[in-house]
Amino acid sequence: MNSRIRDCLHFLHTYRKWLPLAFLAILVITALIEFAVLGLARRTFVFYADDGKTITVEERMLRGSARSPLHPPSREIAITRYVQEALLGPVSPDSLPLFPRETRLLSLLYRNGVVYVDFSKDAALPPIESASLDASAAGEVFTNLKTLHSGMKRNFPFVKESRFFIAGKAAYPGEFR
């Protein structure tokens with residue numbers, strides 16, 4: 001047998017109890033480097049269950065910045081990504097979306113603790129999935145905007161208030177502080 005192969009086998013035999021630990025350490029270091037390079041941030045989303053009264057919370061990892069993790073994204077970009085992800089709706093098939101699937105984010109602006117969000121006109125209607133629920137349950141536009149507002153405040157502590165617009169017109173002005 002070749003002496004190098006014999007030396008490698010002797011080394012592996014001598015340190016075999018440390019190999020799983022070394023492999024685990026390498027795996028953890030690789031995962032941390034990948035996490036840092038991608039710049040992921042954990043965000044929570046609140047949706048309503050099929051009954052319209054029970055809330056469900058989903059956690060998602062959203063990409064932070066297209067730049068490097070040493071330069072985090074601006075607050076406005078982070079909030080925009082959160083709202084766009086909320087518009088996509090829940091992952092769970094037993095949950096209802098907050099807005100109709102056709103709703104689009106037209107613009108978002110963050111200034112001095114206030115978030116200005118303008119949705120397309122489709123946001124004025126409750127989602128089709130929740131049309132069968134009574135007016136006091138989830139699916140009402142005000143309730144859904146309030147849920148989105150509370151999610152923004154929970155995920156971004158620097159947000160003091162939100163001002164929502166639907167197709168350029170103020171929706172419930174002064175309500176989301």
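Start at 1 with the first residue, then count along the sequence.
Note: the hydrophobic cluster containing Y172 also contains V159 (ILVMFWY, side chain heavy atoms under 4.5 Å, direct or indirect links). F165 and L105 are members of different hydrophobic clusters when ILVMFWY side chains are connected at heavy-atom separations under 4.5 Å. V114 and I166 end up in different hydrophobic clusters when Ile, Leu, Val, Met, Phe, Trp and Tyr side chains are linked at under 4.5 Å. Residue L87 is not grouped with residue Y116 when hydrophobic side chains (ILVMFWY) are merged at heavy-atom distances under 4.5 angstrom, including chains of intermediate members. Taken together through direct or relayed side-chain contacts under 4.5 Å among Ile, Leu, Val, Met, Phe, Trp and Tyr, F156 and L108 form part of one hydrophobic cluster.
T30 and I26 get closest at one heavy-atom pair: OG1-O, 2.8 Å. Nearest heavy-atom pair, A123 versus P100, reported as atom, atom and distance to 0.1 Å: CA-CD, 4.5 Å. The two residues G89 and F47 have their closest heavy-atom pair at C-CZ, 3.6 Å.
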- Message: For a ring pair (Phe, Tyr, Trp, His ring centres under 6.0 Å) check, start with the C-alpha distance between F119 and F99, then their side-chain angles and the critical distance, and finish with the verdict.
- Response: CA-CA 10 Å; F119 294 113; F99 300 97; 5.1 Å; yes
- Item | Derivation and outcome, side-chain contact (heavy atoms from CB on, under 4.5 Å), residues H149 and K153 | CA-CA 6 Å; H149 169 70; K153 286 186 78 165; 3.2 Å; yes
- Apply side-chain contact (heavy atoms from CB on, under 4.5 Å) to L21 and F23, showing your working. CA-CA 5 Å; L21 186 61; F23 179 72; over 6 Å; no
- Query: Going through the checks in order, is the side-chain contact (heavy atoms from CB on, under 4.5 Å) test met by E85 and L62?
  - Reply: CA-CA 9 Å; E85 191 75 18; L62 298 182; 3.8 Å; yes
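Classification of the Y82-F45 ring pair by plane angle, with boundaries at 30° and 60°, yields parallel.
Taking NZ of K121 as the start and CG of L106 as the end, the distance is 11.0 Å to the nearest 0.5 Å. To the nearest 0.5 Å, the span separating CG on N112 from CD on E161 amounts to 10.5 Å. Here the straight-line distance linking atom CE of M152 with atom OH of Y110 works out to 11.5 Å at 0.5 Å rounding. For the atom pair R104 CZ and E102 CD, the distance stands at 7.5 Å (nearest 0.5 Å).
Side-chain N or O atoms of N155 include one that pairs as donor or acceptor with a backbone N or O of T44 at under 3.5 Å. A distance-only check finds a donor-acceptor pair linking the side chain of R101 to the backbone of L88 [under 3.5 Å].
Annotation: cation-pi geometry satisfied between R75 and F158 (NZ/CZ under 6.0 angstrom from ring centroid, within 45° of ring axis).
Remark: the T147 side chain and the Y48 side chain contain an N/O donor-acceptor pair separated by less than 3.5 Å. Checked by atom type, the side-chain pair S120/T103 shows no donor-acceptor distance below 3.5 Å.
Salt-bridge annotation for E76 and R111: present, with a side-chain N of the basic residue lying under 4.0 Å from a carboxylate O of the acidic one. A salt bridge links R60 with E58: the distance from a Lys NZ or Arg NE/NH1/NH2 to an Asp or Glu carboxylate oxygen falls below 4.0 Å.
Paired with V141 under the rule side chain to side chain contact (heavy atoms under 4.5 Å, CB included), one option of N144, L145, T143 passes, and it is L145.
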